[in-house]
> 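Just passing along the structure, written as structure tokens.
Please read all numbers here as calculations on a predicted model, not as lab measurements. Lettering of chains follows the sequences in order, A, B, ..., and the numbering in each one begins at 1.
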Amino acid sequence: MYRSHTCGELRLTDENKIVKLSGWVQKIRNLGGMTFIDLRDRYGITQLVLDVESRKDLSTQARQLGREYVIQVTGKVAERSNKNSKMGTGDIEILVDEFVLLNPSDLPPFTIEDETDGGDELRMKYRYLDLRRNPVRRNLELRHKLGFEVRNYLNKQNFIETETPVLIKSTPEGARDFIVPSRMNPGEFYALPQSPQVFKQLLMVAGFDRYFQIVKCFRDEDLRADRQPEFTQIDCEMAFVEQQDILSTFEGMTKHLFKTIKNVDFDFDFIQMTFDEALKNYGSDKPDLRFDMKFVEMKEMLGQTDFVVFDDAEYVGGICAEGCAGYTRKDLDKLTDFVRKPQIGAQGLVYVKCNTDGTFKSSVDKFFDEAKLAKWAEAFGAKPGDLLLVLAGPTDKTRKALCELRLEMGNRMGYRDKNKFAPLWVVDFPLLEWDEKTNRFHAMHHPFTSPKKEDLALLETEPGKVRANAYDLVINGVEIGGGSIRIHNDELQHKMFQLLGFTEQDAESQFGFLMNAFKYGAPPHGGVAFGFDRLTSLFAGIDSIRDVIAFPKNNAGRDVMIDSPSPVAEDQLDELNIELKKAK
RNA sequence: GGUCUGGUAGUUCAGUUGGUUAGAAUGUCGGCCUGUCACGCCGAAGGUCGCGGGUUCGAGUCCCGUCCAGACCGCCA
């Protein structure tokens with residue numbers, strides 16, 4: 001037996017028990033006549049004491065120990081004379097009677113502490129050491145709890161967890177596929193799933209009625225802090241449902257998770273905001289509603305002015321930053337630089353300070369008198385002491401820039417509190433998006449998304465205006481999940497493929513199996529997929545999903561710990577009938 | 001594909017206009033210390049300034065290239 005207790009569980013009530021503990025040496029404090037050792041495992045830290053007078057041999061042995069040595073000790077639980085209220089086990093210590101060195105350790109390259117001295121690069125290379133640290137382990141414990149509660153909730157709702165294949169078929173729609181060569185079928189390749197999309201629809205045709213899976217998905221696109229080449233979805237599908245049924249079910253799941261894990265009550269129905277509203281008011285299809293600061297469109301109010309920047313602009317709009325009229329020239333210059341960054345792309349920034357004395361000071365005083373600025377303030381609902389920030393330019397681009405500015409102001413004003421949660425559904429996404437590069441439409445969500453019934457006629461005339469039965473769950477400006485009601489009729493599905501520029505043959509060879517399935521009594525169905533990594537990072541209050549993944553990849557898609565991807569042996573390539581092009 | 005930031009001791013960082021022997025903290029090692037828990041005190045070791053080239057009397061510092069890491073834009077149905 002290696003241990004009778006863990007390093008986190010002994011209390012004063014265990015006094016005088018003879019116990020056996022195993023764990024890692026966190027820290028040794030040698031005071032000469034007396035040595036303290038902090039012994040750590042996943043559950044906590046217990047202090048060991050060695051007294052040189054009573055056990056000289058043990059004290060000498062203890063001096064040989066180093067950080068992260070694995071040891072086993074036997075001893076008696078004793079009350080501390082100096083208690084430590086910061087630790088759960090702070091009232092007791094173990095008077096060591098015997099110890100065994102189970103395994104020594106090299107000196108770790110960084111300290112295994114909550115506030116480590118290690119940088120990201122080192123921590124990723126030695127991820128197994130990083131995972132010993134409380135904050136990282138806690139994130140994975142949180143992930144475990146979330147997964148557990150998802151299963152718990154969906155199980156109670158009659159969902160069946162079903163596995164779907166990982167080696168599937170490459171399709172041209174959407175993200176780039178990771179492909180896997182087939183040895184037994186020379187010259188042919190599997191693809192790893194971008195999501196189990198078609199399989200879950202086929203499960204609906206099969207009558208499974210309610211399916212879910214916590215499943216890895218793969219997309220070979222460039223990465224970000226919140227994007228990994230392999231990531232995990234809570235993938236769900238339901239039959240005989242309308243959009244609202246799905247929203248209710250998964251709003252319920254979201255509330256359940258927040259209640260059971262964060263003890264946060266959402267005692268209201270989530271807002272359902274249309275895609276158009278979201279763009280008009282927040283410049284984004286994933287607005288952060290932890291704060292208001294809605295856009296105010298000014299073009300109509302302005303009419304013809306002498307200010308050429310406004311007159312030439314397709315869109316003029318702004319936000320009101322409450323209580324920010326005190327911003328200095330330097331602050332405003334910084335904001336101007338911010339919006340002019342190439343990633344934001346605005347040409348400039350117009351500000352109006354609504355002074356507390358009722359006067360106005362703006363960067364466009366030359367063109368607009370006090371009376372006009374007062375009218376602006378009224379339109380913005382601004383009070384004395386507020387600051388108006390206005391951008392002008394092409395509609396889409398300017399809204400996007402204004403969105404970034406709004407978020408930046410939200411940060412500066414402390415509105416984006418990690419402990420506050422603002423969920424909403426964004427609904428009525430467009431069905432199709434025009435792609436300038438390829439000169440064709442592509443599906444905004446995916447090609448199996450159904451158009452709204454009332455917009456069906458537009459499919460022939462103005463496909464770009466057709467709205468879809470598609471929806472996203474957005475929390476704090478992060479897209480946590482998304483889904484749609486699917487097409488369940490092969491005729492409409494054919495038409496969709498046609499609109500997307502598929503030839504009859506391509507559609508048949510790539511998705512024939514699905515349309516064929518639809519001929520055998522496919523039930524109306526729809527579903528949703530949640531980004532499990534993002535959901536976990538939201539719950540953990542961190543921005544990067546890497547910290548909630550045990551072994552993540554870096555921003556170039558590399559695993560720096562195992563050093564992958566890597567070249568393979570010539571023999572392996574031969575077997576697969578693959579010849580590499582010479583590197584450029 | 002692009003933009004930006006960084007790379008100096010085991011680690012986290014500082015390093016002035018280009019100028020003497022590249023510093024601090026922490027960690028490590030050695031000594032002292034019987035109530036520590038960020039133990040304390042004394043001492044020591046520890047450097048390919050990412051790599052390659054260039055400018056210069058002289059480069060950690062300036063220039064070019066390259067590699068690595070991170071953030072973002074494009075991309076991601």
Side-chain angles (χ1 to χ4, degrees), chain A residues 26-40 45-54 59 63 66-68 78-87 89-91 93 106-126 129 171-177 194-195 197-198 217-229 231 338 341-345 397 400-401 404 429-433 435-437 441-449 468 470 472 479 482-484 496 500 529 531 543-544 546 553-558 560 563:
Chain A
Q26 173 76 24
K27 181 119 201 165
I28 300 176
R29 289 179 296 278
N30 191 321
L31 275 68
M34 169 167 260
T35 303
F36 297 99
I37 299 173
D38 287 341
L39 191 68
R40 186 199 72 237
I45 286 179
T46 297
Q47 175 167 286
L48 315 176
V49 206
L50 299 152
D51 182 3
V52 77
E53 241 167 64
S54 51
S59 293
R63 296 208 77 163
R67 269 161 49 198
E68 301 306 310
E79 183 173 5
R80 290 202 202 181
S81 56
N82 278 358
K83 297 192 170 61
N84 184 342
S85 59
K86 288 182 222 155
M87 310 172 63
T89 62
D91 287 350
E93 61 195 357
D106 277 359
L107 189 66
F110 52 88
T111 56
I112 314 291
E113 282 161 15
D114 290 7
E115 298 287 332
T116 181
D117 63 359
D120 292 348
E121 210 173 331
L122 259 188
R123 289 173 40 213
M124 284 304 165
K125 187 168 175 194
Y126 298 91
L129 295 182
T171 59
E173 275 290 315
R176 240 175 251 119
D177 285 318
Q194 296 175 26
S195 80
Q197 184 59 38
V198 290
C217 302
F218 306 87
R219 293 178 192 173
D220 186 9
E221 295 293 344
D222 286 3
L223 307 174
R224 293 285 187 280
D226 64 347
R227 267 162 35 190
Q228 285 271 303
F231 59 99
F338 174 82
K341 281 197 299 192
Q343 289 94 325
I344 310 283
K397 202 174 164 188
K400 212 178 142 198
E404 296 297 333
F429 278 82
L431 182 69
L432 302 164
E433 227 173 357
D435 187 339
E436 297 284 348
K437 267 183 243 156
F441 282 108
H442 69 238
M444 191 153 183
H445 186 57
H446 58 51
F448 316 109
T449 299
D472 278 356
E479 184 197 326
S484 63
M496 234 352 237
L500 294 171
D543 293 323
S544 171
R546 282 175 214 166
K553 294 186 172 52
N554 74 4
N555 65 353
R558 298 200 67 87
V560 296
D563 192 24

> More 5' along RNA chain B: A/Arg176 or A/Gly118, using each one's nearest nucleotide?
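This one resolves to A/Gly118.
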> Between A/Arg227 and A/Asp222, is there a side-chain N and carboxylate O pair less than 4.0 Å apart?
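Looking at A/Asp222 together with A/Arg227, the answer is no, because their closest N to O distance does not fall below 4.0 Å.
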> So do A/Thr89 and A/Gln47 actually touch side chain to side chain, heavy atoms under 4.5 Å?
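Contact flag for A/Gln47/A/Thr89 side chains = no.
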> In whole angstroms, how far is the P atom of B/A69 from the CG atom of A/Leu223?
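Result: 12 Å.
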> Please report the distance separating the C1' of B/U36 from the corresponding atom of B/C72, rounded so that it comes out in whole Å.
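Taking atom C1' in both B/U36 and B/C72, they lie 47 Å apart.
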> Regarding B/C76, can its base be found pairing with the side chain of A/Arg227 as donor and acceptor, where the two atoms are less than 3.5 Å apart?
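Answer yes: a donor N or O sits under 3.5 Å from an acceptor.
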> Spell out yes or no: do the side chain of A/Asp117 and the base of B/U26 have one donor N/O and one acceptor N/O closer than 3.5 Å?
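Flag unset: no donor-acceptor pair detected.
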> Over how many whole Å does the gap from A/Asn30 atom CG to B/C42 atom C1' extend?
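Interatomic distance, CG of A/Asn30 to C1' of B/C42: 15 Å.
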> Could you list all N or O pairs between the protein and nucleotides 35-37 of chain B that sit under 3.5 Å apart?
unit_1: B/G35; atom_1: O3'; unit_2: A/Asn82; atom_2: ND2; d: 3.0
unit_1: B/G35; atom_1: O2'; unit_2: A/Asn82; atom_2: ND2; d: 2.6
unit_1: B/G35; atom_1: N1; unit_2: A/Glu93; atom_2: OE2; d: 2.8
unit_1: B/G35; atom_1: N2; unit_2: A/Glu93; atom_2: OE1; d: 2.6
unit_1: B/G35; atom_1: N2; unit_2: A/Glu93; atom_2: OE2; d: 3.1
unit_1: B/U36; atom_1: OP2; unit_2: A/Asn82; atom_2: ND2; d: 2.7
unit_1: B/U36; atom_1: O2'; unit_2: A/Arg29; atom_2: NE; d: 3.4
unit_1: B/U36; atom_1: O2; unit_2: A/Arg29; atom_2: NE; d: 2.7
unit_1: B/U36; atom_1: O2; unit_2: A/Arg29; atom_2: NH2; d: 3.1
unit_1: B/U36; atom_1: O2; unit_2: A/Gln47; atom_2: OE1; d: 3.4
unit_1: B/U36; atom_1: N3; unit_2: A/Gln47; atom_2: OE1; d: 2.9
unit_1: B/U36; atom_1: N3; unit_2: A/Gln47; atom_2: NE2; d: 3.0
unit_1: B/U36; atom_1: O4; unit_2: A/Gln47; atom_2: NE2; d: 2.9
unit_1: B/U36; atom_1: O4; unit_2: A/Arg80; atom_2: NH1; d: 3.4
unit_1: B/C37; atom_1: O4'; unit_2: A/Arg29; atom_2: NE; d: 3.2
unit_1: B/C37; atom_1: O2; unit_2: A/Arg80; atom_2: NH1; d: 3.1
unit_1: B/C37; atom_1: O2; unit_2: A/Asn84; atom_2: ND2; d: 3.0
unit_1: B/C37; atom_1: N3; unit_2: A/Arg80; atom_2: NH1; d: 2.8
unit_1: B/C37; atom_1: N4; unit_2: A/Asn82; atom_2: O; d: 2.9

> Can you tell me the distance, in whole Å, between the CD atom of A/Glu113 and the C1' atom of B/U12?
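My rounded result for the distance is 13 Å.
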> Has A/Arg224 got a side-chain N or O lying under 4.0 Å from the OP1 or OP2 atom of B/C73?
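Answer yes for this pair, as a side-chain N or O of A/Arg224 is under 4.0 Å from OP1 or OP2.
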> Looking only at atom P, what distance separates B/G6 and B/A14, rounded to whole Å?
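To the nearest whole Å, 9 Å.
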> For nucleotides B/C32 and B/G70, find the distance between their C1' atoms and express it as a whole number of Å.
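Between the two C1' atoms, the distance is 45 Å.
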> For the pair made of CG in A/Asp222 and C1' in B/A71, what is the distance, rounded to whole Å?
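It is 13 Å, rounded to the nearest whole Å.
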> Taking only N and O in the side chain of A/Arg546, is any of them less than 4.0 Å away from OP1 or OP2 of B/A71?
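Yes, within the criterion.
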> What's the closest nucleotide to the side chain of A/Arg67 if the choices are B/G27, B/C76, B/A69?
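Selected nucleotide (nearest to the side chain): B/G27.
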> Distance check, C1' atoms only: B/C37 and B/A44, in whole angstrom units.
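To the nearest whole Å, 27 Å.
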> What distance, rounded to whole Å, do you find between the two C1' atoms, one in B/C13 and one in B/C63?
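Roughly 26 Å separates the two C1' atoms.
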> For A/Lys125 and B/G10, is the shortest distance between a side-chain N/O and OP1 or OP2 below 4.0 Å?
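No, because none of the side-chain N or O atoms of A/Lys125 sits under 4.0 Å from OP1 or OP2 of B/G10.
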> Starting from C1' on B/C72, measure out to CD on A/Glu404 and report it in whole angstrom.
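One finds 10 Å between C1' of B/C72 and CD of A/Glu404, rounded.
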> State which of B/C75, B/A71, B/G27 makes the closest approach to the side chain of A/Lys27.
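Nearest to the side-chain atoms of A/Lys27, counting from C-beta on, is B/G27.
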> For B/U36, what is the paired nucleotide under Watson-Crick or G-U wobble rules, both distances under 3.5 Å?
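For B/U36, the partner nucleotide comes out as none, under the 3.5 Å rule.
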> Please report the closest heavy-atom contact between A/Asn554 and A/Leu223, naming both atoms and the distance.
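Result for this residue pair: O-CD1, 3.3 Å.
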> So do the side chains of A/Leu107 and A/Arg67 get within less than 4.5 Å of each other, counting heavy atoms only?
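With C-beta onward as the side chain, the pair touches.
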> Which heavy atom of A/Gln194 sits nearest to which heavy atom of A/Phe231, and what is that distance?
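Here A/Gln194 and A/Phe231 meet closest at O-CZ, 4.3 Å.
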> Considering only atom C1', compute the distance from B/A22 to B/G15 and round it to an integer number of Å.
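After rounding to an integer number of Å, I get 8 Å for this pair.
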> Which whole-number value in Å describes the distance from A/Arg63 CZ to B/U28 P?
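Nearest whole value for this atom pair: 13 Å.
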> Roughly how far, to the nearest 0.5 Å, is the CG atom of A/Asp226 from the CD atom of A/Glu479?
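Between atom CD of A/Glu479 and atom CG of A/Asp226 there are 9.5 Å.
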> Under 4.0 angstrom, heavy atoms only, what part of the nucleic acid is A/Thr35 near: base, sugar-phosphate, or nothing?
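A/Thr35: no heavy atom of the nucleic acid under 4.0 Å.
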> Rounded to the Å, how far apart are A/Leu129 CG and B/G27 P?
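Whole-Å distance recorded here is 18 Å.
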> How is A/Pro109 classified with respect to the nucleic acid when contacts are heavy atoms under 4.0 Å: base, sugar-phosphate, or nothing?
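Result for A/Pro109 = sugar-phosphate.
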> Using a strict cut-off of less than 4.0 Å between a Lys/Arg side-chain nitrogen and an Asp/Glu carboxylate oxygen, indicate whether A/Glu93 and A/Lys83 qualify as a salt bridge.
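Salt bridge: no.
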